[in-house]
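Data block below; observations after.
Both ligands and their constituent atoms are indexed starting at 1 by order of listing.
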Amino acid sequence: MLFKDNAVIHWAIMSLKEDCLQIFFFTMAGNHLTQRLRRLMFQNFLQQELSFFDEKSNSTGALCSKLSGEAALVQGATGQRIGTVVQAFGTVFIALVLALFYEWRVGLVSLCFVPLISIILYKESNMIQQETFGAAKSMQNSSKIAVEAVANIRTVATIGREALFVKEYEDQLRPALLLAKRATHWRGIVFGLARGVYYIIYAASMFYGGHVIVTEGVPYDLVLKAAQALLMGSGSAAEAFAFAPNFQKGINAAGRIIMILNRKSKILDPDQPVIENFRGTGEAKMQSVQFSYPTRPAVEVLKGLDLEIPKGQTVALVGSSGCGKSTVIQLLERFYDADAGLVALDGASVAQLRLAELRRGLGLVQQEPVLFDRTIGENIAYGDNSRTPAQDEIIEAARQANIHNFVMSLPMGYDTNIGSKGTQLSGGQKQRVAIARALVRKPQILLLDEATSALDTESEKIVQEALDVAKEGRTCITIAHRLSTIRDADVICVIHAGRVAERGTHQELIDRKGLYYRLYKQAQ
Ligand SMILES: Nc1ncnc2c1ncn2[C@@H]1O[C@H](COP(=O)(O)OP(=O)(O)OP(=O)(O)O)[C@@H](O)[C@H]1O
């Protein structure tokens, strides 16, 4: 009889250890969850406004660390572990029911230890919370340094600062190590206590069981069955305890992920755009625009700037370094919103247009072209997010950008991969691919922010020719330090102290002998 009942207890407990179920169900669910969290976080990062990326805590390294680290912590608390813990709790529950059923007083002995277990778990969870927060911060700071060093390895090697970066990296990792060391002692104590409680519960139930057998004549087989059930139950509880740190870390990471996912961009589409399917004619305007960068609110960059950009004209923005020329372009692209005043295309405030439609009409070429580790054809095609441009449109854009002949001279033509950041192309070639990328979307307004500044004289000439072709029939806002490149602009605006201080053609401004004249003389 005793053997039969024990076999039932064994069967009830062992049947919960269905490893196949755990592997197929929980592991798959954990992997899916982690992948989904990573995708959602990445999607959310890319939807944020630019000022989000200006914040120190959101550097490339920190965001990459969040993407990999936080989701991994959640995964550490999911998958097969959930299976183990569910199984452990199931076992504890069944063990308690059986113990109470066979000899309820012996069963109650084990419940006396619940407060002790709760206190240990509470203390441990506090400790882990501190540890995971500190470790996540430490990982983000160190990743920031690693990404910065690797992304700029040529500069780091040139200035011979490898050792400095390694030291900074190590310094950032140290706080995580210190916290982990402290928490490890706690975890050791908790682990020891968890294992200890397992034996203490068994000893206490046997002791009390012996007592009731002797004093009350309770059948010894009932006491043995109850004690046996408790032994199994407390063993499973100890197993679940071992995973408590992972769960605590997972819960903390999940909290941080939810905070990330709940963050909405401050630059959003309007509820009701003033113009549906906006294409724009190429006319732009800024009126009394005031602006400070969110990370530097005390410094007002634009202090009531007025700018009229008529359709089809080339307007050049000049002024001393840091006067706010690129900021004008960033406001037109709606990378940031002006604090006051109007930024408008075709009379409609940029905030009242759909972002994708607004940006589709603007072709931006910057000083340092950013190309992706894809083929030349794909890099050009990336310029139009509203559709997949046909091959002949890609070729046409490349022709206009004066890069087609070079591409055709390559063995793989448009299928040539250009390497990470376009390292397999010269500066001038990269810039012309970037121009083709800006042209493939057939923008109404071309924004040239120092597009030729980083090039040598020969490349500058070739790129300038490409730009001259690209400008034909389009509005163009161009920023250049080399005033010789903007002499022919229809209007030149000199930005000074956050406003347009002078405006006119090259000759008019030279004759005025004001700010432009001084800049021009300085450049000679
Ligand atoms: N993301 C940013 N966060 C905070 N301040 C910024 C940011 N970008 C630019 N600034 C500051 O805003 C001011 C205007 O910058 P902007 O890039 O518009 O100047 P610029 O006239 O184009 O300069 P340059 O001719 O040297 O390129 C500068 O003082 C600059 O330090």
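With a 4.0 Å heavy-atom cut-off, ligand 1 is reached by the side chain of His481 but not by its N, CA, C or O. Residue-level proximity to ligand 1 for Phe291 is absent, since no heavy atom of it falls below 4.0 angstrom. The proximity of Lys325 to ligand 1, defined as any non-hydrogen pair under 4.0 Å, involves the side chain as well as the backbone.
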Verdict with reasoning, Phe372 to Arg437, per side chain to side chain contact (heavy atoms under 4.5 Å, CB included): CA-CA 11 Å; Phe372 301 101; Arg437 182 176 62 191; 3.8 Å; yes
Residues Asp384, Val440; criterion side chain to side chain contact (heavy atoms under 4.5 Å, CB included); working and verdict: CA-CA 6 Å; Asp384 196 338; Val440 81; 4.2 Å; yes
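Counting atoms of ligand 1 from 1 in the listed order, those under 4.0 Å from a heavy atom of Tyr336 are 1 (N). In summary, the atoms of ligand 1 found under 4.0 Å from a heavy atom of Thr295, numbered by their order in the structure, are 3 (N), 4 (C).
Among residues two or more places apart in sequence or in another chain, the ring pair (Phe, Tyr, Trp, His ring centres under 6.0 Å) test is passed with Tyr516 by His506. Tyr414 is linked by a ring pair (Phe, Tyr, Trp, His ring centres under 6.0 Å) to His404, counting only residues two or more places apart in sequence or in another chain.
A heavy-atom separation below 4.0 Å is not found between Gly319 and ligand 1.
Protein heavy atom at the shortest distance from atom 8 (N) of ligand 1 is Tyr293 CZ, 3.4 Å. With hydrogens left out, the protein atom closest to atom 13 (C) of ligand 1 is Gly322 O, 3.6 Å, a heavy atom. Nearest to atom 16 (P) of ligand 1 among the protein's heavy atoms is Thr327 OG1, 3.6 Å. At the top of the distance list for atom 26 (O) of ligand 1, counting protein heavy atoms only, stands Ser321 OG, 2.6 Å. The protein atom (non-hydrogen) at minimum distance from atom 31 (O) of ligand 1 is Arg296 NH1, 3.2 Å. The protein atom (non-hydrogen) at minimum distance from atom 17 (O) of ligand 1 is Ser326 CB, 3.6 Å.
Of the candidates Val299, Ile495, Asp54, Asp54 brings a heavy atom nearest to atom 1 (N) of ligand 1.
Applying the 6.0 Å contact sphere to CZ of Phe42 captures no more than 12 heavy atoms from other residues, nucleotides or ligands.
Residues Arg263 and Glu49 are paired through a salt bridge, judged by an N-O separation under 4.0 Å between the basic side chain and the carboxylate. A salt bridge links Lys442 with Glu393; the closest basic N to acidic carboxylate O contact falls under 4.0 Å.
Across every non-hydrogen atom of Met286 and Val328, the tightest pair is SD-CG1, 3.5 Å.
When only interatomic distances are considered, the shortest N/O to N/O separation between Gln330 and ligand 1 does not fall below 3.5 Å.
Proximity of Arg36 to Arg39: side-chain heavy atoms (C-beta onward) are separated by under 4.5 Å at one or more points.
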